[in-house]
Amino acid sequence: MKKTLLTLTALLTLAGTAQARTWDEIKKSGTIKIATEGAFPPFNVLNGKTLGGFEVDLANALAKQMGLKVSWVTAPFDGLLIGLQQNRYDFVIASHGITPERAKAVDFSSPHYCTGGTVVSKVGGPKTAADLKGKKVAVQVGTTYLENVQKLPGVKAVVFPKDTDAQTALMMGRADAWVGDKFTGIDLVKAQKGKLQQGDMLYAERIAMAVKKGNSSLLKELNAELAKAQSNGNYARISNAYFGQDIRCK
Ligand code: ARG
């Protein structure tokens with residue numbers, strides 16, 4: 001009998017911690033916990049102890065509109081949605097494209113920007129999906145870049161834990177191309193002054209914040225604050241600072 005009771009208690013405790021914080025609970029606590037990778041310039045970057053980038057500035061602006069302090073958490077990209085499942089933070093903003101696969105595991109907000117995966121190579125290298133046949137393509141693990149490159153027949157994906165490592169592999173000649181974000185590609189080509197070229201966009205994607213599946217109160221609040229930021233000038237100001245343009249989905 002005692003054993004049964006203990007088991008029940010354990011189960012209830014587990015059920016209790018398995019609940020994500022609702023918007024009311026977050027608001028009452030005064031602090032919202034947000035996770036990102038911190039290695040995906042210009043969207044989320046950890047420089048020493050300073051976290052910056054478009055998504056970090058945007059999320060800080062949303063939290064400010066909410067009247068909350070932010071507690072930032074950084075984790076490797078491929079562990080971010082798992083941490084959400086484990087209630088380690090309230091939401092994730094790390095350039096996740098909305099995919100049917102991911103939407104089974106988490107709930108996505110309205111998109112906070114629209115972009116796509118593009119090919120970057122050394123001048124004279126592959127530029128199109130067809131050009132990539134028989135080539136080595138560097139991509140970050142757990143991304144839509146990997147997913148889409150794997151769909152191309154005869155392409156060898158070379159996978160790296162960080163997107164910046166995949167870029168380095170291209171520069172070092174360990175890959176024939178890098179497939180990554182359109183805006184990251186623009187910056188990369190610019191920084192490498194004449195050495196690189198940006199080819200085709202292989203696919204388009206809508207990027208959104210993720211909350212734990214079923215956390216509808218927080219999702220509603222995030223969507224309301226994003227819409228507000230997109231109408232009060234906060235979004236346009238931050239986007240222009242990083243991209244010289246407004247990258248919201250049209
Ligand atoms: N947009 C791509 C995806 O949805 C890449 C995201 C990578 N994000 C990052 N923080 N490294 O998979």
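All ligand and atom numbering here is 1-based and tracks the order in the structure.
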I'd like to know whether CZ of Arg206 has more than 12 heavy-atom contacts from other residues, nucleotides or ligands below 6.0 angstrom. no
Taking only non-hydrogen atoms of Thr143 and a 4.0 Å limit, the atoms of ligand 1 in range are 5 (C), 12 (O)
Ligand 1 versus Lys162: contacting region, heavy-atom distance under 4.0 Å: neither
Taking the ring centre of each residue, are Phe40 and Phe54 less than 6.0 Å apart? no
Contact partition for Glu147 relative to ligand 1, non-hydrogen atoms under 4.0 Å: neither
Thr144 side chain to Glu147 main-chain N or O, any donor-acceptor pair under 3.5 Å? no
Would you kindly say whether Ser121 and Gln197 are connected by a side-chain donor-acceptor distance under 3.5 Å? yes
Name the closest protein heavy atom to atom 3 (C) of ligand 1, giving the residue it belongs to and the distance to 0.1 Å. Thr144 OG1, 3.2 Å
What atoms of ligand 1 come closer than 4.0 angstrom to any heavy atom of Glu205? 1 (N), 2 (C), 4 (O)
Is there any N or O on Ala94 that sits under 3.5 Å from an N or O of ligand 1? yes
If you count the non-hydrogen atoms of other residues, nucleotides and ligands that lie under 6.0 Å from NZ in Lys182, is the total more than 12? yes
Side chain, backbone, both or neither: the part of Tyr145 lying under 4.0 Å from ligand 1 by heavy atom: side chain
Within the structure, does His96 bring an N/O atom to less than 3.5 angstrom of an N/O atom in ligand 1? no
At a 4.0 Å threshold, what atoms of ligand 1 neighbour a non-hydrogen atom of Arg102? 3 (C), 4 (O), 12 (O)
With heavy-atom distances below 4.0 Å as the criterion, list the atoms of ligand 1 near Asn44. 10 (N)
Using a 3.5 Å cut-off on N or O atoms only, is Gly97 in polar contact with ligand 1? yes
Using the ring-ring contact (aromatic ring centres under 6.0 Å, His included) rule, pick out the option among Phe77, Tyr113, Tyr242 that qualifies with Phe43. Tyr113
A quick test of your reading: do over 12 heavy atoms of other residues, nucleotides or ligands sit less than 6.0 Å from NZ of Lys250? yes
Identity and separation of the nearest protein heavy atom to atom 6 (C) of ligand 1: Ser95 O, 3.2 Å
Side chain, backbone, both or neither: the part of Asp163 lying under 4.0 Å from ligand 1 by heavy atom: neither
What part of Ile207, side chain from CB on, backbone N/CA/C/O, both or neither, has a heavy atom under 4.0 Å from ligand 1? side chain
Step by step, would you call Asp90 with Lys33 a salt bridge (Lys or Arg N to Asp or Glu O under 4.0 Å)? CA-CA 5 Å; Asp90 300 309; Lys33 262 186 129 176; over 6 Å; no
Salt bridge (Lys or Arg N to Asp or Glu O under 4.0 Å) evaluation trace for Lys136 with Asp176: CA-CA 5 Å; Lys136 274 195 224 162; Asp176 304 297; over 6 Å; no
Tell me, yes or no, whether the heavy-atom count around Gln245 atom CD, taken from other residues, nucleotides or ligands under 6.0 Å, exceeds 12. yes
Test of proximity, Glu37 against ligand 1: N or O pairs below 3.5 Å: yes
